Structures are given as C-alpha cells and as structure tokens.
Amino acid sequence: MDHNHNHPDKSRVEIHVKDYNKKKKLIAWLCGFIFLIAAGVAAYSSYVYFKTKNAVDNTYDNNTHVQVKNGEFNGKKKFAVLLMGTDTGALDRKEKIGNTDTLIIAVVNPQKKRYSLVSVPRDTMAQMVGAEQFQVEKINAAYPIGGAKMAMDSVSELVNVPIKYYALVNMKGIMRLIRYVGGINVRPTLSFEYGGYVFKKGQLTHMGGGGALAYSRMRYDDPEGDYGRQERQRQVITTLIKKAVSLNTLTQLDSVLTSISGNVKTNLPFDSLKEIAFNYRSSTKNVKNDYLHGHNAMVDGASYQVQSTEELQRISDYLRAELGLSPKKVDNNETYQNKRNKEHGFDFTDLATQDYNIFSDYEGQ
C-alpha cells in the first residue's frame with residue numbers, strides 16, 4: 001500500500017535546517033547590530049577623547065616642561081601643584097599677563113585621603129628666584145616678571161618645598177568652569193555687596209560664575225582684608241573641586257575643558273591630568289586649609305606682608321610632612337632679611353605697621 005500521500009513534502013531534517021538558517025541569520029544580524037553600536041560608541045568615545053586631549057593640549061605650557069616619571073601619578077604618591085589666578089580675561093581687563101593675586105600651594109596626600117590648600121598672600125615679600133640680579137618684590141609679581149618658572153621657584157624657595165607643577169587660570173576661566181558645572185552652593189563667611197551681588201553670612205547661596213567670582217574677589221570691605229579674601233577663594237575652590245569630581249560623563253568633561261582651554265595654562269601633560277582625575281578621586285573627600293600669617297610692613301614706601309622665620313618654618317614643616325619629606329630648616333633670603341631687620345629693631349610681635357629694610361648683601365642670590 002502506498003502511504004506517500006500521508007508524508008510531508010519535506011523531511012523533518014530539511015525543515016529544521018531551514019529554521020536553523022533563519023536563526024543563524026537572525027543571530028548574525030543581531031551580532032552585526034551590536035557590533036555597529038559598539039563601534040559607534042568606541043568611535044564617539046575616541047572622538048571625545050581626542051577632542052578633550054586637544055583641548056587640554058591647548059592649555060599645555062611647553063616652556064616649563066618637566067619630565068614626569070612613570071607611575072608618578074599612580075594614586076599612591078603625594079605631589080604638589082602651585083595654583084595661580086590672574087585678574088585677566090574678564091571685567092574689561094585687556095592685559096594678557098597679570099599679577100597672580102591668587103597663589104595657593106596644593107598638596108595631594110592619598111594616604112590620608114585629603115588635599116591641602118595653603119595660601120600665600122599676594123603682598124608677601126620674596127626674592128625673585130631666577131632674576132638676572134638680586135631682586136625682591138611682592139610674590140604676585142614673580143609670574144609677570146619671569147613666568148610660571150619664576151613663580152614656582154620663588155614660592156618653592158620661600159617655604160623650602162619642591163614644586164614643579166603649576167596650573168594658572170584667569171577670571172574668565174573660573175567663570176566658565178563654574179558655569180559648566182552648573183554653579184556652586186556656598187555659605188558666605190560674611191555679609192556684603194560686591195559687583196551687583198548680595199551675600200548673606202551663613203545663608204546657603206547658589207552662585208554662578210559671576211557671583212562666585214565677585215564673592216572671591218572682594219577685599220576692602222572684609223575686616224580681615226586679603227586674608228579674608230584668601231579664605232573665600234579656598235572656599236570656592238574646594239566647593240568647585242567637589243562639584244567637578246561628580247562630573248562623570250565624557251560629554252561634560254569635553255565641554256568643560258573645551259570652554260576653559262584658552263583661559264588655563266599648566267605644565268601637567270594630558271596623560272598626567274587623566275591619571276590624576278582617575279587615580280586621586282578619593283583624595284578629594286577631605287581638605288585642610290591654611291595660609292602664611294604675615295605682618296604689615298613698609299618697604300621703600302610700599303605696603304608689604306613680611307613672613308616671620310617661625311611662620312615660614314611652620315608652613316614648611318607642614319607641607320613637607322604632607323609630601324612625605326623630613327623637616328628641613330628654612331634658610332633663604334627672607335630668613336636672612338628677618339635676622340638683619342630684627343637687629344635693627346623690627347619686632348614681629350608688634351601688630352603695628354613697621355618699616356622693613358632690604359639688605360642687598362644676601363649671599364644666596
């Protein structure tokens with residue numbers, strides 16, 4: 001008997017082969033689609049990476065190039081950076097190179113999961129290290145006289161701490177950076193009005209770029225003068241760092257760096273900045289603030305801040321300890337001038353403004 005009419009036209013194997021081929025095509029299509037997405041993400045990431053690198057490269061100062069050792073920013077080693085701010089780039093300021101009225105020594109200590117900000121008052125008397133002849137000026141003049149190298153060397157010599165990296169930003173850069181992180185929330189240390197902005201002591205205030213700049217620039221209405229302004233500057237910087245650390249997306253990072261690239265200078269190369277950003281995030285959780293406590297003095301008819309030998313030694317000991325260095329006696333032009341002035345009656349315990357002389361016979365010129 002012929003039963004062929006009960007059989008299917010195609011065998012079970014043939015049917016399964018057809019289904020298998022369909023599934024195979026579907027899997028291949030899905031794999032291809034996923035690959036395209038991955039390739040697109042990789043391409044975009046590369047685009048952002050290189051665009052970001054280009055933005056950072058525009059900030060790089062090759063004139064103060066230093067050799068970065070392998071593993072120097074591995075997240076375990078301590079390091080110091082001189083932060084400088086100039087009153088240029090905004091508020092109708094036309095100067096390209098201005099005095100660095102903000103000078104802060106920043107030390108990152110990963111073992112203690114903290115960083116330290118130590119302000120150096122803008123009017124601090126200091127030797128201009130690297131000048132062609134012996135020269136003593138206010139420390140904020142070092143940058144316009146001899147660039148970032150003279151600024152780093154002069155601050156380094158002042159407190160006997162090695163400093164080979166720096167970052168300089170002008171007012172426009174600060175305003176743009178704060179704007180791109182969405183502003184910052186700060187509790188003012190005192191009540192005042194400045195630049196059209198009103199600040200209330202202790203009242204949490206959201207500040208955009210202009211407001212934060214006004215808050216950190218006011219000096220003459222502060223009972224503590226420049227010391228009060230330094231405190232507010234450190235307050236803005238620490239708040240900004242905390243906010244910036246929360247930026248995790250490549251697009252935000254690219255926007256920020258691109259916006260400020262023309263208003264920032266540093267001798268930290270792109271790879272080092274990238275390593276610092278990834279390896280030292282835990283060190284931004286805590287901050288310790290300090291500053292050089294100077295004395296009012298008149299030098300050749302100009303108002304200066306002179307630092308006592310004891311104060312220079314105190315700050316030096318702290319910074320060296322944070323860097324893992326043993327304490328070392330501060331022995332420089334400033335300590336020499338202090339000794340000579342004490343012999344001529346200058347009293348560092350007297351809060352009144354006194355005359356202070358510069359003796360040009362200092363041998364360590």
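All residue numbers refer to positions in the sequence shown, counting from 1. Bear in mind the structure is a predicted one, so any value in this text is a computation, not a measurement. Both backbone and side-chain heavy atoms feed into the values below; hydrogens, waters and symmetry mates do not.
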| request: Check the pair Gln337 / Val306 against side chain to side chain contact (heavy atoms under 4.5 Å, CB included), numbers first and verdict last. | output: CA-CA 10 Å; Gln337 301 297 340; Val306 292; over 6 Å; no

| message | I'd like to know if Val68 and Val108 are part of one continuous hydrophobic network [Ile/Leu/Val/Met/Phe/Trp/Tyr, side-chain heavy atoms within less than 4.5 Å]. | response |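 Shared cluster, yes.
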
| Do Ile358 and Met128 share a hydrophobic cluster, counting only Ile, Leu, Val, Met, Phe, Trp and Tyr and linking them when any side-chain heavy atoms are less than 4.5 Å apart? |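 Each belongs to a different hydrophobic cluster.
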
Please work out whether the ring planes of [X] and [Y] are parallel, tilted or perpendicular, with thresholds of 30° and 60°.
| X | Y | answer |
| --- | --- | --- |
| Phe192 | Tyr215 | parallel |
| Tyr362 | Phe134 | tilted |
| His344 | Phe359 | tilted |

Near [X] [atom1], under 6.0 Å, is it more than 12 heavy atoms from other residues, nucleotides or ligands?
| X | atom1 | value |
| --- | --- | --- |
| Leu351 | CG | no |
| Lys149 | NZ | no |
| Glu343 | CD | yes |
| Asp300 | CG | no |

| Pair Glu72, Ser272: side-chain N/O donor-acceptor within cut-off below 3.5 Å |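 Glu72 vs Ser272: no donor-acceptor pair found between side chains.
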
| said: Between the side chains of Arg234 and Glu231, is the shortest nitrogen-to-carboxylate-oxygen separation below 4.0 Å, so that they form an ion pair? | reply: no

| said: Whether Arg229 and Asp226 form a salt bridge (side-chain N of Lys/Arg under 4.0 Å from carboxylate O of Asp/Glu) is what I want to check. | reply: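 Judged by the 4.0 Å cut-off on N to carboxylate O distance, Asp226 and Arg229 do form a salt bridge.
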
